[in-house]
Amino acid sequence: MTNDEGIIIYRDVHKWYGDFHVLRGITFTMQKGEVVVICGPSGSGKSTCIRTINRLEEHQRGQIIVDGIELTNDLRNIEAIRREVGIVFQQFNLFPHLTALQNVSLAPFWVLKMRKSKAEEAAMKLLERVGIPEQAQKYPAQLSGGQQQRVAIARALAMTPKIMLFDEPTSALDPEMIKEVLDVMRNLARSGMTMIVITHEMGFAREVADRIIFFDYGQLVEENTPEEFFHNPKHERTKLFLSQILDY
Amino acid sequence: MLSKKVSSSHSVPFWRDVRVLRVMGQVVFLVIIAAGILWLLNNLQVNLRACGLRISFNFLRNTAGFPISEGLRYNPTDVHGYAFWVGIVNTIRISLIGIALTTIIGTVVGIARLSSNWLVKKLAGLYVEVVRNIPLLVQLFFWYFAVMLTALPMVKNSIRLPGSIYLTRRGVYLPWITLAESFGTWAWYIIGGLVVAIAVYVFRRIQLKRAERPGFPIIWAGTILILILGAGWFLTPGNPLALTIPVLKRFNFEGGLWLSTSFTSLLIGLSVYTGAFIAEIVRAGILAISRGQTEAARAVGLKKAHVLRLVVLPQALRVIIPPLASQYLNLTKNSSLAILIGYYDLMNVGTTIFNQTGRAVEMIMLIMASYLTMSLLTSLLMNYYNRRMKLVER
């Protein structure tokens, strides 16, 4: 398998929760440096789909290849892929017993075996990059939602991943904090990071995404450029979804 | 005019000033408590005088005269004070062993209740529900009268468990380690090993810190200690430790370790009972950590053991420790029920002394002071640990 085919390759991926068929044959390919926005109604399987990329969810049929490594039950492959894929959660999931700086430097210190001072130096740079170096010594509970999410982004970036996944990163935030997180993500996209973003922020999608994928009932309904997606959607379900989220 | 209705803060009479009322409330409460205590003390003095008694602890120097069948070496000719001390040591022994055992039971059952194995989960749930809902005294009587004294056979037909463990109506007999003659030589290896291990620990810690590398120096220290002890074992002539196995002689077992019927039933009763509560505490502690924490830790590439050590445990312990501490205190205090199944703990010995001497006030004071001291020491230790684990919030 060569990397030219794409950094992420999904071939007919299926997943069931018990009887519930969550993913019904997902096939798509992503190139290095691409920014893909996934949208769709809740329960459509979009979150499950990106969580299969770093094996937080297992797929039961089909093939997922990340940067030339196929995701199987082989723990070594899973760990190798996890080192290359960063994820940012809706609920931040920061470690509450560690400071912002420790949250960011934990994995480089224990996983990459970096020297502590090097790891903390790098962590500090990342906190500067997301705009909150002055919060380094604070604990998550002392930070605002927007600040916590930016620490979470820095934590994911600390492993120098090739791919970043964002699972509704702004859905748990107050409106005035959404912008500060989106700004960080926009800069990240400009720096050439390969990104998959699940979001309902259509302004962000229009501006940053190379492609938009619309998910419904565990299927990939439509895949299009932002231009086409918003002005000229092909499917009825896409049109309905867009009218619901854009018209209120 | 509206503004006329807004009265200024200077004109509040003191009986409506919340700040004054707050202080006043505390003062009144304190006065009531102090008055109550004074009244009780006065009452005690008046009544003691009426009976011609005086508070005095001189009776502790008199000969006890009653037997104590287990614990420290003791003779009925020893003094009351020493007899009481034997009781205290017996209480400490049952509490410490009980705490260790109940922690193991509670942890295993607590984790079992979260198991994905249906049978294991249901069995653990059944244990917790049954044990939690039957009074402790009933359970102690069950272990003592129904199990130890009735269900178990006489010494001659004792039940033999693998590993030369014998269950009989007279108690439990276990193989035990005794110090052999050459232990003295080996003891030097123990001391030397500990010194070297501590040195290695400190050295490795400084080294890791200087190199700024992650690691667990305790593993190095432990390995070194085991190596030194092992080397000492082979270099010492003769085995420094001997295993004595209980052997049935004509009327009784000889050798090994004997646990009395009372001790065994009290230990099992207390540990099983408290274990059910600890199981719930452990379960709650684990459930208190959201799945997101483990997911986030796995997603940044931490290995399973590291996830547990660096992310899950520090958070779970924070939830578990305070209620766990009160369960340890409960176990210690509940051990005073020993008196009802004939174990010579401090309550049992203490009440025997006051029955003999009539010194009820003094003995109750001593008993209460002993439990209070032990409990406060435990609390102190657990609070210190808890403070170290605490989360910083706003």
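Letters A, B, ... are given to chains in the order of the sequence lines, protein chains preceding strands, and every chain is numbered from 1. The structure displayed is predicted, hence computed values, not measured ones.
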Would you mind telling me which of A/Pro108, A/Ser117, A/Ala156 has the largest number of heavy-atom pairs within less than 4.5 Å of chain B?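 Counting heavy-atom pairs under 4.5 Å, the top option is A/Ser117.
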Supply the atom-to-atom distance [X] [atom1] to [Y] [atom2], rounded to the nearest 0.5 angstrom.
X	Y	atom1	atom2	result
A/His97	B/Gln293	NE2	CD	7.5 Å
B/Leu302	A/Met159	CG	CE	7.5 Å
A/Trp110	B/Lys303	CH2	NZ	11.5 Å
B/Lys304	A/Glu79	NZ	CD	10.0 Å

What part of [X] is in contact with chain B, defined as an atom under 4.5 angstrom from a non-hydrogen atom: side chain, backbone, both or neither?
X	answer
A/Phe89	side chain
A/Ile78	neither
A/Val85	backbone

Are there over 12 heavy-atom neighbours, none belonging to [X], within less than 6.0 Å of that residue's [atom1]?
X	atom1	result
B/Phe203	CZ	no
B/Gln26	CD	no
A/Lys113	NZ	yes
B/Arg204	CZ	yes

Shortest non-hydrogen separation from A/Arg115 to B/Arg210 and the atoms involved: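 The pair with the smallest heavy-atom distance is NH1-O, 4.2 Å.
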A/Ile87 versus B/Ala299, closest heavy-atom pair with distance: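 Here A/Ile87 and B/Ala299 meet closest at CG2-CB, 3.4 Å.
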With a 4.5 angstrom heavy-atom cut-off, which part of B/Leu310 approaches chain A: side chain, backbone, both or neither?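 Both parts, heavy atoms under 4.5 Å.
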With a 4.5 angstrom heavy-atom cut-off, could you sort out which part of B/Arg309 is near chain A: side chain, backbone, both or neither?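 B/Arg309 has no heavy atom closer than 4.5 Å to chain A.
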Does any non-hydrogen side-chain atom of A/Arg55 lie less than 4.5 Å from one of B/Arg298?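 No, every pair of side-chain atoms sits at 4.5 Å or beyond.
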